[in-house]
Amino acid sequence: MIREILSGMLWQGRLALRSGGMRVFAAHGYVDEGYRPSRVPFFSVVGPLGIHSEPERENGRTATSTVRVPGHLIGRPRGPGDSVPAGGALKLRLDGRAIVTLGGLPGGSFASAATGPALAAALDTQLAEALSGGLFQESSGAPLTDPLLLAALAAVTARWDAEGSRLAISADPGIPSLDFRSSVEVLPVTGSIAGALGLEPPERAQEGRTYLSKLRAPRAMAIDVQVDLWAGSQVDLAAIMDTVALAIPTRGQMVLRPSLLGADVPEGTTKLRLLARGEPTTPLSLAHLEASDQGQERARGGRVDLTPGASWLPDSGGLRLSGTGTATVRVHPTPVVPDSFHPDNPAPDGFALSLGLQVAAGATEGQTVPVVVLLAQGQPVVRLEVRYVLVDTRLFGEVVATATLAREGGTQVAQTRWRLLASRLEAGVLLHARLEAGEGVVWLSADGVPQPLLDAEATPAPPVAAPGLPVTGSDMLLTLGADTGTPLEFTVEHLHLVAEPVGPLDPALRRSVTPAPGVRPGDVILLGDCEDGYRIGKRRFQALALAVDGDEVTLSRPVEGSWVRGRTLVFQEECFFFQTQLRRKDDLLNHLYRCSVDYRVSALMEELNARMGARLVEKPLVDLVARGASRAAGGHPGTSVHEVDTAKRGAI
C-alpha cells in the first residue's frame with residue numbers, strides 16, 4: 001500500500017502540474033539534503049518518512065466473496081507408448097443435462113508432443129461448432145433450448161497439460177440455480193476414444209464447487225510523505241505553487257493504482273477494457289486519440305474517418321497510415337444549438353500537440369512524410385512533417401513544425417526544424433510541439449527532452465518566430481497522413497491536442513497507469529467521473545475483478561450507468577491526505593529555489609491476497625415437514641444440510 005501511495009502522489013503531480021503551464025518533470029526524490037535535481041522545474045516525492053497507527057479510526061470490515069470452480073474431468077497421464085486412433089468419437093454430458101457427441105477426432109501417438117495439443121484444439125473447435133449449430137441435446141434426445149444453459153456452455157474448454165501429459169475437460173462455473181450443476185461426464189458411444197484419452201476411467205472427476213473467499217479487515221494507518229519542488233527562479237516556483245494549491249491542496253483525496261478505459265462502458269456490461277499505457281483527457285483537450293480507440297476520439301466522442309490505406313492495428317498497436325490513406329477528426333465543431341460558452345477561438349494563447357510516432361524503415365534522402373495537419377477555414381493552423389536529409393554519411397529525419405498566426409490583418413508562419421536520426425524515428429519517438437502565441441515560436445521536444453538549440457547538427461537553423469494570434473477556430477479538421485500519399489508508412493500510437501501551450505508530459509506518466517494484467521482476481525475496481533484527469537467526482541461504481549483476459553477485466557456485477565472513456569478514471573483505492581508543514585529550503589548559491597511540503601496520507605493497509613475460507617454446501621436438500629408435526633431438537637426446521645468433509649465448522 002505504501003508503494004501505491006507514493007506512486008499515486010507522483011501520478012497526481014505529473015499530470016496536475018503540467019496543466020498549470022509549467023513543464024515539470026517528476027520522480028522519486030532523496031532524503032539527502034545535498035540532493036539536487038538534474039533539471040528544473042522538478043517535482044519529487046520522498047517517503048515514507050513516518051508510519052503511524054490510527055487506533056481512533058474504525059478499521060474496514062472483513063470482505064467476503066464466493067468463487068466458483070467448474071466441474072471437470074482430468075485424464076490419466078499418457079505415455080509414449082499410448083496412442084489414439086484417428087476418426088474416433090467422444091460423447092459427453094455437461095451440467096447433468098446437455099449431451100453432445102463429437103466425432104472425427106484426430107489421432108496419433110503420444111510419443112509426439114503435438115498429439116495432445118491437437119486433440120485439445122479439436123475438442124474445443126467441435127464444442128464451439130456444436131453450440132453454434134444447435135447440436136446439444138436433452139437426455140430425451142430433444143434439442144437443448146434452455147437459454148441459460150446454452151449461454152453457460154460457451155465456457156466449456158478442453159486443455160492439454162504438457163507437464164503431466166494428460167487431457168482435462170472443464171465445464172462452465174455453474175449457474176446459481178438448483179436445476180443446473182457444473183459437471184462433465186463421459187457416456188458410452190460407438191467408436192469411443194475415452195479410454196485411449198485416459199478419460200475412462202479418469203484420474204480425477206469432480207463436480208463444480210463454490211468456495212468462500214475472505215479478506216482480513218484492513219488496518220488504519222497514516223503515512224508521512226514529503227513533496228519537494230525545485231525551480232530556477234522565484235517566478236517559476238510561484239507558478240508551480242499556484243498549481244499545487246489547486247491540485248494538491250492542504251487536504252483532499254487521492255486515487256491509487258489509476259487506470260484508463262480503453263473503450264466506453266455501457267450500462268449493464270460486466271467487462272471493461274483498460275489501456276496498457278496512456279494519458280487522461282483534460283477539459284482543455286481539443287482532440288485525443290489512443291491506440292485502442294478504434295474509430296472514436298476521446299475528448300468529445302467524435303468519429304475518426306479513415307480512407308483506404310489507413311487502419312487500426314489489432315491488439316492496440318496504433319493507427320497505421322500508408323499510401324494515400326488518411327484519418328480525419330473534426331475539432332471544436334460549432335454546436336448545433338447556440339452555446340454562449342463555445343469560444344470562437346479555443347486557443348488564443350497557443351496550443352500543444354503531442355503524438356507517438358514510428359516511421360517504417362527504408363527511408364532515402366529527399367523523401368517527405370506528411371504526419372499531421374490541423375486546418376481552420378482552409379488554412380493550416382499547425383503542420384508536422386518529416387523530411388529526410390543526408391548529413392555526411394548519416395540519414396536524418398528532419399521534423400518540421402509550422403504554425404500560422406494572425407497579426408495586423410495578415411498571417412505569418414512560425415517554423416522550427418529538428419534533425420533526429422532516422423533510426424530513432426524507426427524505433428518510435430514521442431514528439432511534442434508547443435506554440436506560445438506571445439513569442440510566436442514552436443518549441444519541440446522528443447521523449448520529454450527539449451530540442452538542443454545550440455547543437456548545429458540537430459538544429460540547422462534557429463526557430464522562426466511569428467508573434468500573433470493562432471488562427472484556431474470552430475470546425476477545424478485534423479488530418480493524419482495526406483491524400484497526396486506518403487512514401488513511407490507510419491504508425492501513430494496516440495495523439496493529443498490541447499488548447500493551452502503546456503509543456504510535454506513526463507514520459508513516465510504514460511507508463512505509470514495500471515494495465516489489465518496488473519489487476520488480479522479479487523481486486524476492487526472503482527469507476528469514477530473525472531473531468532481533469534486526476535480528481536474523482538461524486539458518481540462512483542464499485543465491483544470486484546473476477547478474471548483478466550488480455551486487456552479485458554471481467555467484473556463481479558453489472559455496471560451501473562454508462563461511463564465514457566475520456567471522462568472516467570478507473571482506480572482501486574482512495575486515500576485522504578492533509579498538509580502538515582510547508583517550508584522553504586532555497587539554495588541561493590546555485591540559483592535553486594526549493595519548497596518542501598509535508599503531507600500525511602490516511603489509508604487502510606489491506607492484505608492483498610484473498611484466502612479460501614471454506615468450501616460451501618454442495619447439495620442443499622429440502623425436507624418438507626407437515627405443519628404441526630414435532631420438530632427435532634437441533635437444526636433448522638424443515639431443512640437438512642450435507643457438508644463437505646473438508647469443511648471445518650466455525651471457519652465461516
Side-chain angles (χ1 to χ4, degrees), residues 289 291 306-311 313 317-328 352-375 380-404 413-435 441-464 466 478-497 504 507:
L289 298 175
L306 306 182
T307 62
S311 61
L313 297 177
L319 178 61
R320 176 179 293 170
L321 298 111
S322 61
T324 58
T326 60
T328 56
L353 174 67
S354 62
L355 72 159
L357 176 66
Q358 184 177 17
V359 185
T364 59
E365 185 181 13
Q367 290 180 325
T368 299
V369 178
V371 179
V372 60
V373 61
L374 178 66
L375 298 176
V381 177
V382 62
R383 186 190 301 273
L384 198 67
E385 59 187 16
V386 178
R387 303 172 185 171
Y388 284 91
V389 295
L390 194 64
V391 179
D392 296 332
T393 58
R394 294 188 297 173
L395 184 65
F396 287 86
E398 189 174 75
V399 179
V400 182
T402 58
T404 306
V413 177
Q415 185 184 87
T416 301
R417 296 186 293 161
W418 185 5
R419 289 176 180 173
L420 300 173
L421 285 173
S423 58
R424 187 173 180 184
L425 293 171
E426 294 169 8
V429 64
L430 175 59
L431 294 177
H432 182 86
R434 174 173 60 93
L435 174 67
V441 178
V442 180
W443 302 102
L444 294 176
S445 67
D447 296 326
V449 179
Q451 179 181 359
L453 298 177
L454 299 180
D455 187 342
E457 185 179 62
T459 308
V464 177
L478 187 144
T479 303
L480 289 164
D483 53 11
T484 56
T486 175
L488 296 169
E489 73 174 24
F490 62 94
T491 302
V492 175
E493 181 198 21
H494 75 279
L495 180 144
H496 202 168
L497 177 65

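Just so we're clear, the structure is a prediction, and the values are computed from it rather than from any experiment.
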Chemist: Pick from Q367, R394, R419, R417: which one makes a side-chain contact (heavy atoms from CB on, under 4.5 Å) with V389?
Modeler: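 Of all the options given, the one that passes is R419.
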
Chemist: Can you measure from OG1 (T491) to CG (L355) and round to the nearest 0.5 angstrom?
Modeler: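 The OG1 atom of T491 sits 11.5 Å away from the CG atom of L355.
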
Chemist: By side-chain contact (heavy atoms from CB on, under 4.5 Å), which residues pair with L453, not counting sequence neighbours?
Modeler: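 Scan of L453 (side-chain contact (heavy atoms from CB on, under 4.5 Å), adjacent residues dropped) gives W443, Q451, T459, P463.
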
Chemist: State which residue, out of L420, V372, L444, fulfils the side-chain contact (heavy atoms from CB on, under 4.5 Å) condition with L431.
Modeler: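 Answer after filtering L420, V372, L444: L420.
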
Chemist: Please examine the side chains of V429 and V399, heavy atoms only from C-beta on, and report whether any two atoms are closer than 4.5 Å.
Modeler: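 Result no, sub-4.5 Å side-chain heavy-atom pair not found.
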
Chemist: Please assess L435 against V382 for the test side-chain contact (heavy atoms from CB on, under 4.5 Å), listing each intermediate value before the final yes or no.
Modeler: CA-CA 9 Å; L435 174 67; V382 62; over 6 Å; no

Chemist: Rounded to the nearest 0.5 Å, what separation is found between the CD atom of E457 and the CG atom of D392?
Modeler: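 Taking CD in E457 and CG in D392, the distance rounds to 7.5 Å.
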
Chemist: For L488 and Y388: C-alpha separation, side-chain torsions, deciding distance, then whether side-chain contact (heavy atoms from CB on, under 4.5 Å) applies.
Modeler: CA-CA 11 Å; L488 296 169; Y388 284 91; 3.8 Å; yes

Chemist: Working to the nearest 0.5 Å, report the span between CG of L425 and CD of E398.
Modeler: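 Nearest 0.5 Å value for the CG-CD distance: 11.5 Å.
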
Chemist: Testing the basics here: between F490 and V359, what is the closest heavy-atom pair and its distance to 0.1 Å?
Modeler: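 It is CB-CA, 4.0 Å.
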
Chemist: Please determine whether a side-chain nitrogen of the Lys or Arg among R387 and E385 lies less than 4.0 Å from a carboxylate oxygen of the Asp or Glu.
Modeler: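 Looking at E385 together with R387, the answer is yes, because their closest N to O distance falls below 4.0 Å.
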
Chemist: Closest approach of A458 and P452, non-hydrogen atoms and distance?
Modeler: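 So the minimum-distance heavy-atom pair works out to CB-CG, 4.0 Å.
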
Chemist: Give the minimum heavy-atom separation between T404 and P380, together with the two atoms involved.
Modeler: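 Between these two residues, the closest heavy atoms are OG1-O, 2.6 Å.
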
Chemist: Under 4.5 Å between any side-chain heavy atoms of T402 and V442, yes or no?
Modeler: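 No, side chains not in contact.
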
Chemist: Of the non-hydrogen atoms in P450 and S445, which two are nearest, and what is the gap between them?
Modeler: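 In terms of heavy atoms, the two residues are closest at CA-CB, 3.8 Å.
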
Chemist: Given side chains that start at C-beta, do those of L495 and L353 come closer than 4.5 Å, heavy atoms only?
Modeler: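 Side chain of L495 against side chain of L353, heavy atoms only: contact under 4.5 Å found.
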
Chemist: What's the shortest heavy-atom distance between G356 and L430, and which atoms?
Modeler: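 G356 and L430 have their closest heavy atoms at N-CD1, 4.2 Å.
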
Chemist: What closest approach, in Å, do S354 and H432 show between heavy atoms, and which atom pair accounts for it?
Modeler: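 Here S354 and H432 meet closest at CB-ND1, 3.4 Å.
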
Chemist: Under 3.5 Å, sequence neighbours excluded: what are the donor-acceptor pairs made by side chains of residues 317-326?
Modeler:
{"unit_1": "S322", "atom_1": "OG", "unit_2": "G309", "atom_2": "O", "d": "3.3"}
{"unit_1": "T326", "atom_1": "OG1", "unit_2": "T307", "atom_2": "OG1", "d": "3.0"}

